[in-house]
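Quick notes on the structure that follows.
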Amino acid sequence: MTSPNLLTLEGVQTHIGAYHILHGVDLVVLKGQLTMLLGRNGAGKTTTLRTIMGLWHASQGRVRFGDKDITALHTPQIAELGIAYVPENMGIFSDLTVKENMLLAARSAKNAQQIDDTRLKWIFKLFPAVEKFWNHPAGKLSDG
Ligand SMILES: Nc1ncnc2c1ncn2[C@@H]1O[C@H](COP(=O)(O)OP(=O)(O)OP(=O)(O)O)[C@@H](O)[C@H]1O
Ligand SMILES: [Mg+2]
């Protein structure tokens, strides 16, 4: 990646059906920084994130991840590149256990033993309920 930008949106326009929602979004996310997208209700924050993730496709403009043009890629390909999206409704599988949900999200682990132990301990410390409910349906966790 030679670009100093992690993510770049240039003149992104998104239509949802007959509705023209995004009218030319320019956004730069720099490497190693936390970037926050603020706006009033209905301004287009979620639509912007969904367009980055390929859940909607830009009708005009470009989305770049580093140097790579990801505008026309499909969501699984974008996820494979390392972009993740946590939707407001969490998007967890409530009937699967917490462990099974974590395994689905862990990119390189094929079983629970392969989940990075240090990272898991860090998660358990931050969210003790994740450890407590490890083998219980994830739907039992509180939203918080
Ligand atoms: N599936 C859809 N069909 C039609 N219009 C939609 C759809 N999804 C979003 N919109 C419209 O697109 C505009 C932007 O919505 P979006 O959800 O991106 O805003 P937001 O900034 O995330 O708002 P909020 O702060 O309420 O989460 C709104 O006018 C919304 O009604
Ligand atoms: Mg939203």
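Here the structure is a predicted model, which is why all the values come from computation and not from measurement. All residue numbers in this chain count up from 1 along the given sequence. Atoms within a ligand are numbered from 1 in the order they appear, just like the ligands themselves.
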**Message:** Does the plane of the ring in Trp134 sit parallel, tilted or perpendicular to the ring in Phe124? Use 30° and 60° as the thresholds.
**Reply:**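 Answer is perpendicular, since the angle exceeds 60°.
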**Request:** Side-chain contact test, heavy atoms from C-beta onward, threshold under 4.5 Å: evaluate it for His136 versus Leu141 and give yes or no.
**Result:**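 No, side chains not in contact.
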**Message:** Quick one: does any side-chain atom of Asn101 pair with a main-chain N or O of Phe93 as donor and acceptor, under 3.5 Å?
**Reply:** yes
**Item:** Protein N/O/S atoms closer than 2.8 Å to the Mg ion (ligand 2)
**Value:** Thr46 OG1
**Prompt:** Is any NZ, NE, NH1 or NH2 atom of the basic residue among Glu131 and Lys125 found under 4.0 Å from an Asp or Glu carboxylate oxygen of the other?
**Reply:** no
**Prompt:** Could you give the distance from CD1 (Ile52) to CG (Leu9), rounded to the nearest 0.5 Å?
**Reply:**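 Here the rounded value is 5.0 Å.
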**Asked** Tell me, which pairs form a salt bridge (charged side-chain N to carboxylate O under 4.0 Å, His left out) where one or both residues lie in residues 81-96, sequence neighbours left out?
**Response**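 Not a single pair qualifies under salt bridge (charged side-chain N to carboxylate O under 4.0 Å, His left out).
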**Asked** For residues Gln13 and His20, is any side-chain donor paired with an opposing acceptor at under 3.5 Å?
**Response**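 Looking only at side-chain atoms, His20 and Gln13 do form a donor-acceptor pair, the distance falling under 3.5 Å.
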**Message:** With no hydrogens and no angle check, just 3.5 Å: does a side-chain donor-acceptor pair link Thr14 and Thr47?
**Reply:** no
Identify all N/O pairs between ligand 1 and the protein with a separation under 3.5 Å and present them as a table of atom names and distances.
from, atom 1, to, atom 2, distance (Å)
ligand 1, 18 (O), Thr47, N, 2.9
ligand 1, 18 (O), Thr47, OG1, 2.5
ligand 1, 19 (O), Gly44, N, 3.2
ligand 1, 21 (O), Ala43, N, 3.3
ligand 1, 21 (O), Gly44, N, 2.9
ligand 1, 21 (O), Lys45, N, 2.8
ligand 1, 21 (O), Lys45, NZ, 2.8
ligand 1, 22 (O), Thr46, N, 2.9
ligand 1, 22 (O), Thr46, OG1, 2.8
ligand 1, 23 (O), Gly42, N, 2.8
ligand 1, 25 (O), Asn41, ND2, 3.0
ligand 1, 25 (O), Lys45, NZ, 2.7
ligand 1, 26 (O), Asn41, ND2, 3.3

**Fill in**
Grouping ILVMFWY residues whenever side-chain heavy atoms fall under 4.5 Å, the cluster of Val86 otherwise contains none
